[in-house]
Structures are given as structure tokens and as C-alpha cells.
Amino acid sequence: MSNKRVLSGMQPSGKLHLGNWLGALKNWVKLQHEYESFFFIADWHALSTNYEDTSRIRENVFEMAVDWVAAGLDPEKSVIFLQSGVLEHAELHVLLSMMTPVSWLERNPTYKDQQQQITGRDLATYGFLGYPVLQAADILIYRANCIPVGIDQLPHLELTREICRRFNTFYGDVFPEPQPLLAETAKVPGLDGRKMSKSYGNTINLSDTPEEIRQKVMTMVTDPQRIKRTDVGNPEVCGVYSFHKIFSSKDEQAEVAEGCRTAGIGCIDCKKRLLANLMAELTPIQEKRNELVAAPDKIRAILDDGAGRARKAAQETMQAVRESMKLYV
Ligand code: TRP
Ligand code: SF4
């Protein structure tokens with residue numbers, strides 16, 4: 001067990017799909033055995049782009065917490081909490097905002113990108129510009145060392161590091177500089193071959209019923225050149241085979257690939273084999289999930305307990321921050 005601290009967060013987007021699970025969560029589940037770990041649901045960050053209609057946020061937080069625990073985040077091992085449950089994040093955010101140059105925020109690539117991509121919402125807001133300052137507060141308040149994130153988050157993490165150095169230069173070494181932890185994660189394509197994404201409607205969700213998953217797998221796009229059962233196929237251009245590479249044993253992958261290339265196996269059989277392997281991994285998660293959905297008090301208790309433990313760590317840091325800044329203590 002390393003004495004370093006790991007921290008990461010996710011915006012509550014609702015039910016998680018296989019891409020979220022394999023791309024992030026599965027790695028967190030592993031990390032919790034190696035580091036002191038903090039994982040939180042970034043509900044304030046969700047408001048930066050969804051401030052008008054907040055009608056689903058509570059439900060989304062609940063669904064996300066259920067998925068996390070069902071997938072193996074263990075509240076005994078990790079501190080699992082909701083950002084808005086630890087008010088100290090807001091205090092540190094306000095202090096960091098005083099010393100963060102606006103130019104740093106304006107040149108953040110995701111700021112301009114998202115403003116262009118997300119249409120129909122006014123994102124010329126103070127909170128949206130300050131998104132990375134809040135993220136810096138989330139990280140620094142736990143004096144976290146390692147931040148498991150995807151490459152899309154690297155600019156935000158670099159800003160956190162710059163803010164960290166600026167603070168330490170002005171007031172003394174309070175915060176360690178956090179490092180990104182880029183994991184090698186499996187990339188699952190969506191059902192249509194594009195990236196798996198909620199906005200494309202091409203996902204398999206952890207919460208889908210076995211019947212829904214069966215239907216999704218059986219209608220997946222295959223090698224478009226393989227039309228008849230007697231046509232030979234190319235597994236390397238087939239989405240089903242990409243899934244085999246993640247969920248099937250090496251032997252079975254080889255068998256399926258050979259069968260595809262020689263028309264020895266049909267696509268329906270190929271999909272059935274994938275489905276069996278996929279369900280073998282998902283069934284335990286789904287069973288846990290069903291238990292948790294039926295016990296919402298349990299989820300609430302996990303988040304409350306997590307917030308209590310997170311708050312204790314955050315308050316310790318804030319005491320050091322106030323002292324170093326010569327504020328009222
Ligand atoms: N911005 C992150 C995302 O969209 C979520 C996030 C908020 C986060 N605060 C964080 C991630 C702190 C890591 C650390 O995915
Ligand atoms: Fe894809 Fe399998 Fe059909 Fe080959 S046999 S095209 S790998 S579904």
C-alpha cells in the first residue's frame with residue numbers, strides 16, 4: 001500500500017455505460033487497494049453546463065453512486081462522497097479564484113471547445129470559466145498526489161498544478177503538486193462502431209437488463225462486407241470482435257477470428273459467444289446493483305459517511321490554508 005493519496009471525480013451523468021466502466025471505474029476499483037483513495041461525484045461541476053434544468057441531478061447522483069458501488073468501489077476502502085456534501089471545496093475555490101489569472105482560464109482548450117460544441121445553452125458564465133479552479137480546489141483540498149483521469153482532463157490538471165505552484169509561492173508549501181495517473185484502459189466502441197457515448201445513443205449500460213443487452217449485442221454492426229453466412233469476414237473491422245478482445249479469453253479470440261476469416265462461424269454464433277462472456281462479467285455487478293437500487297438508504301449512508309471522512313481531511317487542509325494566508329483562524 002503506497003502512502004500516496006489518489007483522488008478523482010466524475011460528473012453525475014446518470015447511468016454508467018461500458019465505456020465509463022472500462023475507461024475509468026475499473027481502474028479506480030484497482031487503485032483503491034493500492035492507495036488511500038477519494039472518489040467523488042462532482043455535482044457542482046455538472047451545474048456549470050446544466051444550471052437551468054436541474055430536475056434530474058439528484059436521480060443522476062443516485063444512479064452513479066449505485067453503479068460505483070456495484071462495480072466494486074468499496075466504501076470501507078475508498079472515501080466515496082458527493083462534492084456538495086463537503087462545503088470546504090467552495091471555501092478553497094473562492095480563495096484560489098482570487099489568485100488565478102483570468103488569462104489562464106481563457107486559454108484552457110476545453111473552455112472554447114465546449115462553448116462551441118454545446119449549443120442552445122449560454123456558457124458565457126462565471127462558473128463555466130472557473131470550472132478548472134473548482135477542480136483545482138477538489139484536488140488540492142485533499143493534498144492528493146495522483147489523479148487518475150483520461151487525457152481529456154490533462155489541461156485541467158495542468159492548470160491545477162499551476163495554481164498549486166502559485167499558491168505555494170505566495171504563502172508557503174501547503175500543497176503537493178498532483179500528478180496525472182494515466183491508465184492503460186480498454187477502449188470499447190459503441191454499438192455502431194463510433195465511440196461509446198450517451199449522446200450517440202450507442203451504449204450498453206451497466207444497468208441494462210440482460211434482455212436489453214442481448215438485443216443490443218445481437219443487432220451490433222459487424223463486418224459490412226460479410227453479408228451471407230458463407231462470406232468470409234475480417235474480424236479487425238468488426239465491432240463485435242473489438243468486444244471479444246475485451247471480454248473473451250485469448251483462446252476464444254483466436255478461435256473466433258479464425259472462424260470469421262474462414263466462414264467457419266456465423267455472426268450470430270459469434271455474438272452469442274460474446275454475449276455469454278460479457279454477461280459473465282456483468283451479472284455479479286448487476287446483482288449487486290439490483291440490491292442497492294432496492295436499498296436507497298444504504299446509498300445515502302455511504303455518501304454521508306464518505307462526506308464525513310472527506311470533510312475531516314478537507315478541514316485539516318483548510319486550517320493550514322487559512323494559517324498560511326494569515327486569515328482568521
Ligand atoms: N472534470 C472532471 C470530468 O469532467 C470531473 C472532475 C471534477 C474531476 N473535479 C475533479 C476529476 C477532480 C479529477 C479530479 O471528468
Ligand atoms: Fe464480426 Fe464475428 Fe461476424 Fe466476424 S463472425 S464479422 S467477428 S460478428
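Read the numbers this way: they start at 1 and go in the same order the structure lists the ligands and their atoms. In what follows, every heavy atom counts, from backbone to side chain, and hydrogens, waters and symmetry copies are set aside.
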Next on the checklist: Does Thr317 form a side-chain contact (heavy atoms from CB on, under 4.5 Å) with Glu88? I'd like the steps, not just the answer.
Outcome noted: CA-CA 9 Å; Thr317 307; Glu88 285 75 6; over 6 Å; no
Checklist entry - Looking only at N/O atoms, are Tyr131 and ligand 1 under 3.5 Å apart anywhere? => result yes
Checklist entry - So which bit of Leu134 gets within less than 4.0 Å of ligand 1, heavy atoms only: side chain, backbone, both or neither? => result neither
Checklist entry - Are the ring centres of Phe81 and Tyr142 closer than 6.0 Å? => result yes
Next on the checklist: Taking backbone and side chain together, does Cys260 place any N/O/S atom at a distance below 2.8 Å from atom 3 (Fe) of ligand 2?
Outcome noted: no
Next on the checklist: Is a donor from one side chain sitting under 3.5 angstrom from an acceptor on the other, for Asp192 and Asn202?
Outcome noted: yes
Next on the checklist: I'd like to know if Arg214 and Glu211 make a salt bridge, using a cut-off of under 4.0 Å between side-chain N and carboxylate O.
Outcome noted: yes
Checklist entry - Evaluating non-hydrogen atoms only, which member of Thr49, Ile41, Ile139, Thr110 is closest to atom 14 (C) of ligand 1? => result Ile139
Checklist entry - What atoms of ligand 2 come within less than 4.0 Å of a heavy atom belonging to Arg226? => result 3 (Fe), 5 (S)
Next on the checklist: Check Arg261 with Glu258, please: is the shortest side-chain N to carboxylate O separation under 4.0 Å?
Outcome noted: no
Item to check | Which residue and heavy atom of the protein sit nearest atom 2 (Fe) of ligand 2, plus the separation | outcome: Cys270 SG, 2.3 Å
Checklist entry - Salt-bridged, Glu91 to Arg322, with N to O below 4.0 Å? => result yes
Next on the checklist: Closer than 3.5 angstrom, by distance alone: can the side chain of Arg5 be matched with the main-chain N or O of Arg143 as a donor-acceptor pair?
Outcome noted: no
Next on the checklist: What protein heavy atom lies closest to atom 8 (C) of ligand 1? Include the residue and the distance to one decimal.
Outcome noted: Gln135 NE2, 3.6 Å
Checklist entry - For atom 3 (Fe) of ligand 2, what is the nearest protein heavy atom, given as residue, atom name and distance? => result Cys267 SG, 2.3 Å
Item to check | For Gln153, the ligand 1 atoms whose distance to one of its heavy atoms is below 4.0 Å | outcome: 1 (N), 2 (C), 3 (C), 4 (O), 15 (O)
Next on the checklist: Can you confirm, on distance only, whether ligand 1 has an N/O atom lying under 3.5 Å from any N/O atom belonging to His156?
Outcome noted: no
Checklist entry - What part of Val240 sits under 4.0 Å from ligand 2 if we count only heavy atoms: the side chain, the backbone, both or neither? => result side chain
Next on the checklist: Suppose we only count N/O/S atoms under 2.8 Å; would Cys238 qualify as near atom 4 (Fe) of ligand 2?
Outcome noted: no
Checklist entry - Can you list the ligand 2 atoms lying under 4.0 Å from a non-hydrogen atom of Asp223? => result 6 (S)
Checklist entry - How far is atom 5 (C) of ligand 1 from its nearest protein heavy atom, and which residue and atom is that? => result Gly9 O, 3.6 Å
Next on the checklist: Run the side-chain contact (heavy atoms from CB on, under 4.5 Å) test on Leu92 and Phe175 for me, step by step, so that the C-alpha distance in whole Å, both residues' side-chain angles and the decisive distance to 0.1 Å come before the verdict.
Outcome noted: CA-CA 12 Å; Leu92 185 56; Phe175 302 121; 4.1 Å; yes
Checklist entry - Does some non-hydrogen atom of Gly233 fall short of 4.0 Å from ligand 2? => result no
Checklist entry - Against heavy atoms of His45, which atoms of ligand 1 measure under 4.0 Å? => result 7 (C), 9 (N)
Checklist outcome for this item: the protein heavy atom lying closest to atom 9 (N) of ligand 1 turns out to be Asp138 OD2, 2.7 Å
Item to check | side-chain contact (heavy atoms from CB on, under 4.5 Å) assessment of Glu63 paired with Arg289 | outcome: CA-CA 10 Å; Glu63 295 290 351; Arg289 205 182 186 286; 2.6 Å; yes
Checklist entry - So how far is it from Leu96 CG to Leu140 CG, rounded to the nearest 0.5 Å? => result 6.0 Å
Next on the checklist: Side chain, backbone, both or neither: which applies to Gln83 and ligand 1 if a contact is any heavy-atom pair less than 4.0 Å apart?
Outcome noted: neither
Next on the checklist: Closer than 4.0 angstrom, basic N to acidic O: yes or no for Lys228 and Asp231?
Outcome noted: yes
